[in-house]
Amino acid sequence: MDVSRLIDPLNSAQRAAVCAPAGDVLVLAGAGSGKTRVLVHRIAWLIQVEGISPYGILAVTFTNKAAGEMRGRIEQLLGIPSHSMWVGTFHGIAHRLLRAHCREAGLPEGFQILDSDDQYRAVRRVMREIGLDESQWPPRQVQWYINARKDEGLRPEHLEDKGDIHLKHMIEVYRRYDALCRRSGLVDFAELLLRAHELWLQRSDVLAHYRQRFQHILVDEFQDTNGIQYAWLRLLAGQGTVEKTTLEDGPARRQHLFVVGDDDQSIYGWRGARVENIQQFPRDFPGTLTLRLEQNYRSTGNILAAANALIAHNSERLGKQLWTEGGDGEPIHLYAAFNELDEAHFVTDQIRLWVEQGGQRRECAILYRSNAQSRVFEDALIHAGMPYRVYGGLRFFERAEIKDALAYLRLLANRHDDAAFERVVNTPTRGVGERTLAAVREYARHHDVALWQAADAVIEEKSLAARAINALHGFTALIETMDADSRGLTLFDRVEHTVQVSGLIAHFGKDRSEKGRTRLENLEELTNAARQFVHDFEAATTLDSGPDVDGTASTSLDPLSEFLAHAALEAGETQGGAWEDCVQLMTLHSAKGLEFRQVFICGVEEGLFPHRRSAEEPGRLEEERRLCYVGMTRAMEKLTLAYAEVRRLHGEENYTQPSRFISELPSEHIEEVRLRGSVAQPMSSAYPGRTRTTGACGETAPDGLQLGQRVAHEKFGEGVVLGYEGQGRHARVHVNFEDAGSKWLVVEYARLTPL
DNA sequence: GCGGAGACCCTTTTT
DNA sequence: GGGTCTCCGC
């Protein structure tokens, strides 16, 4: 076997990690230091050199994307299918465990997963049932509260209100929501983790089994783990109280944890991630070998030096200095825009130059703090005729029409699924009104049964108007018929049948607009997804049927439930595979883990970045700084920071201050493309009185334009020059367009044609 | 039951 | 400014 293939491509620090002796290892891996490579090579090392069976390895990530990438690279490196190995997200693995041990975990066999939207609706429903004022207890906040408690491993019975009326009601909602989930056989994302943890705690036999099996546990992005994830890992890795009674006599652990993370890239504290876990790790696992990967293979010297200097302003760090063998590269560019439009024009123009010089659009990323900022860039890019792709937003399985179809499928799989029942009982409309539903809900609550049973009972009792009873019965009968008629069909046929018979196709088909057509296409795409899924699923299970030692963990579930779980756990890509060469637009958060030759970080202003809601608290400010660090270290060659002096946000125009992060960057790595205030002088001083800029025909504006002159613009059409501001390339003109209204445009980018 | 008008909110997001 | 949600009128 060829060990050199595993070792040769590594630097000495990477090699130390990959070849580390048995024991616990913490790898502090800086941005661009080859973190995934180390994980993948470590796995290969364990299998090929240490002779560990792939069945004894568990690799955990946070996103499906990361898991998929790891799988791909393992297969590439080892030339073996990775299906025999457990590689997945925390949630995916928890789900797999719970499927295999649903009885031990106290879950019904056909339990289904609730996504955040479903959860939100369920929480709201509970709140309405007990008549909680939604203005005082916003359902989002209550939902957030519940998830935060679950992430801490806390059930309602562990919580005390301590006389706080506000808390008291939230705990009450939590309690009722939990009851609803139990009754309906539903499990939300946080619940997956919590249940998996409770499974370890309560079933020492199950835990012992997996401790025996998984002696090598690898974790990616360890800085993002929350309380429950780390607790779960600790138990599995043999650290905890349970094993004394079950597995081992002495303190000797046979499990090895290999965790990789970067405290400087911890940007998810606000959703419960605990950087502290990374600091705590060596204390929890004495004898941990801590290694640092500091050589960066991504960015130029200037970018790294600036990023290092920025992050040095944080106090709570484990400490790391990135360095590169590469050259300094260009300095970081800093652009002071007049406003957000100018900022967008500037960026678009830079990308145009980049492309003219032979670069590709997909190598350029526009990063921003909040999604609301994307619109201006989209406008500018459309205007410039430049294809782009925005990350984030609704994903395939989150679309309304898809969720409707899935809700029907969920009811086929499990009649007790109240969330699904609520969603489609009257979609498409079939005359089940609010009054009827209220009666059903009331019955369900009173008798503590699922809505489905309540509906049956209400129909039986005939306590409502005949029309209502008929409508309700129409629904339950429809589901029963759909189930009976499609039972035994393949998943693909079943999905197709459901989409048709449910009336969803007819319903959305009535909408002749573009929107309606897209919805039909999406429903069609859902059946395709089902077909594809069966294909992949079969491939996976065939390969997986190898010597699975335990016999318990091979998940043999019906394809429908498996498909539904897949839909919830992997909500799909945001946008279909637009393989065109596109400029990449995304938030700084979603840029983590990616790299681009050219990066623009925009809106680097106080209040926006750092966000005003994070600026006061030191801890949150440090997280913002880490976010900036993450953004900067995405850039390979060229990094530009931009801010606007005036920004229109939420319809208000605001004068801004450059972000404090800018002043934290050493000036020797920075080149200012335009100095703040160097061109845009206050109108009052440059031109006494506003009248001067809004009239006086015949005066010469920059670029040979005349006040009062008619001009044409590619996008805005024709208009009249009303005024101007500043001189030179960055001067702006005020044009009143016939159709588009009045606009301030930067002459250089506006490309106005005199008429 | 649907569509329009008005109120309301507004950081980041994966599972 | 804009997207979402609710309410009200047809």
Side-chain angles (χ1 to χ4, degrees), chain A residues 60-67 88-95 113-121 124 128 134-135 138-141 144 147 150-151 187-194 196 220-221 224-226 228-229 266-273 340 367-376 378-379 391-395 397-398 400 426-434 471 507 510-511 513 565-574 586-593 603 607-615 620 623-624 626-628 630-631 647-654:
Chain A
V60 199
T61 64
F62 276 84
T63 65
N64 291 303
K65 200 172 152 205
T89 63
F90 276 102
H91 292 85
I93 283 162
H95 173 244
I113 301 171
L114 221 51
D115 72 15
S116 0
D117 183 57
D118 299 329
Q119 186 190 34
Y120 173 76
R121 288 157 181 263
R124 208 171 48 176
R128 285 178 181 173
E134 292 187 17
S135 63
R140 288 264 169 235
Q141 264 177 44
W144 185 86
N147 287 334
K150 288 190 177 189
D151 286 347
V187 173
D188 61 48
F189 289 133
E191 184 79 19
L192 283 172
L193 302 175
L194 182 49
D220 188 19
E221 304 278 20
D224 288 339
T225 49
N226 65 26
I228 202 87
Q229 287 160 336
S266 159
I267 55 174
Y268 286 116
W270 54 274
R271 65 172 199 213
E340 73 280 359
L367 309 183
Y368 36 78
R369 178 64 233 270
S370 79
N371 283 310
Q373 286 167 257
S374 77
R375 217 199 78 251
V376 186
E378 291 187 60
D379 285 350
Y391 285 72
L394 261 202
R395 282 150 349 143
F397 287 109
E398 290 168 355
N426 202 33
T427 310
T429 48
R430 49 175 70 86
V432 182
E434 212 31 58
H507 175 66
K510 272 189 288 184
D511 184 352
S513 70
H566 165 81
L569 287 173
E570 296 194 42
E573 276 289 300
T574 299
M586 68 192 83
T587 62
L588 286 147
H589 281 92
S590 26
K592 193 169 107 171
L608 188 57
F609 189 30
H611 199 274
R612 58 181 63 75
R613 306 207 6 193
S614 304
R620 309 196 70 189
E623 183 156 308
E624 295 276 313
R626 292 194 290 267
L627 188 56
C628 189
V630 165
R647 181 173 296 271
R648 183 179 270 277
L649 205 63
H650 310 313
E652 298 277 315
E653 219 159 59
N654 292 304

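What you are looking at is a predicted structure, and each value in this text was computed from that prediction instead of being measured.
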>> If I pick the P atom on dT4(C) and the same atom on dT13(B), what distance separates them, to the nearest angstrom?
In response: 15 Å

>> Within the 4.0 Å heavy-atom criterion, would you say S590(A) contacts the bases, only the backbone, or no part of the nucleic acid?
In response: sugar-phosphate

> When we call it a touch if two heavy atoms are under 4.0 Å apart, what does D115(A) touch: a base, just sugar-phosphate, or nothing?
Replying inline: nothing

>> List the residues meeting ring pair (Phe, Tyr, Trp, His ring centres under 6.0 Å) with Y368(A), not counting sequence neighbours, and say none if there are none.
In response: none

>> Which is more 5' along DNA chain B, the nucleotide nearest R620(A) or the one nearest H507(A)? Just name the residue.
In response: H507(A)

> Counting distance only, does the side-chain N/O of R369(A) pair as donor-acceptor with the main-chain N or O of L608(A) below 3.5 Å?
Replying inline: no

>> Going 5' to 3' along DNA chain C, between which two nucleotides do contacts with chain A fall, using a heavy-atom cut-off of 4.0 Å?
In response: dG1(C) to dT6(C)

> What residues form a salt bridge (charged side-chain N to carboxylate O under 4.0 Å, His left out) with R647(A), not counting sequence neighbours?
Replying inline: E343(A), E605(A)

> When you list every nucleotide of DNA chain B with an atom under 4.0 Å from a heavy atom of chain A, which one comes first 5' to 3', and which comes last?
Replying inline: dG1(B) to dT15(B)

> Hey, what's the ring geometry for Y268(A) with H589(A), parallel, tilted or perpendicular (30° and 60° as the breaks)?
Replying inline: tilted

>> Classify Q119(A) by what it touches in the nucleic acid, base, sugar-phosphate, or nothing, heavy-atom distance under 4.0 Å.
In response: nothing

>> Run the salt bridge (charged side-chain N to carboxylate O under 4.0 Å, His left out) test against D115(A) and tell me which residues pass, sequence neighbours left out.
In response: K403(A)

>> By the 4.0 Å heavy-atom rule, please label R375(A) as base, sugar-phosphate, or nothing.
In response: sugar-phosphate

>> Under 4.0 Å, counting only non-hydrogen atoms across every strand here, what does R124(A) touch: a base, just sugar-phosphate, or nothing?
In response: sugar-phosphate

>> Heavy atoms only, 4.0 Å cut-off, all strands: where does N371(A) land among base, sugar-phosphate and nothing?
In response: sugar-phosphate

> Checking all strands, does R128(A) fall into the base, sugar-phosphate, or nothing category for heavy-atom contacts under 4.0 angstrom?
Replying inline: sugar-phosphate

>> Applying ring pair (Phe, Tyr, Trp, His ring centres under 6.0 Å), can you list everything that pairs with W144(A), at least two apart in sequence or on another chain?
In response: none

> Taking O4'-C1'-N9-C4 for purines and O4'-C1'-N1-C2 for pyrimidines, is dT12(B) syn (within 90° of 0) or anti?
Replying inline: anti

> NA contact type, D224(A), heavy-atom cut-off 4.0 Å: base, sugar-phosphate, or nothing?
Replying inline: nothing

> With sequence neighbours left out, what residues match H507(A) under ring pair (Phe, Tyr, Trp, His ring centres under 6.0 Å)?
Replying inline: none

>> Could you tell me how far dG3(C) sits from dT14(B) if I compare only their C1' atoms? Round to whole Å.
In response: 22 Å

> With R613(A), which residues qualify under salt bridge (charged side-chain N to carboxylate O under 4.0 Å, His left out), at least two apart?
Replying inline: none

> When the nearest nucleotide of DNA chain B is assigned to S116(A) and to R613(A) on a heavy-atom basis, which residue is associated with the more 5' position?
Replying inline: R613(A)

>> I'd like to check the salt bridge (charged side-chain N to carboxylate O under 4.0 Å, His left out) partners of E221(A); sequence neighbours left out, ordered by chain and number.
In response: K35(A), K592(A)

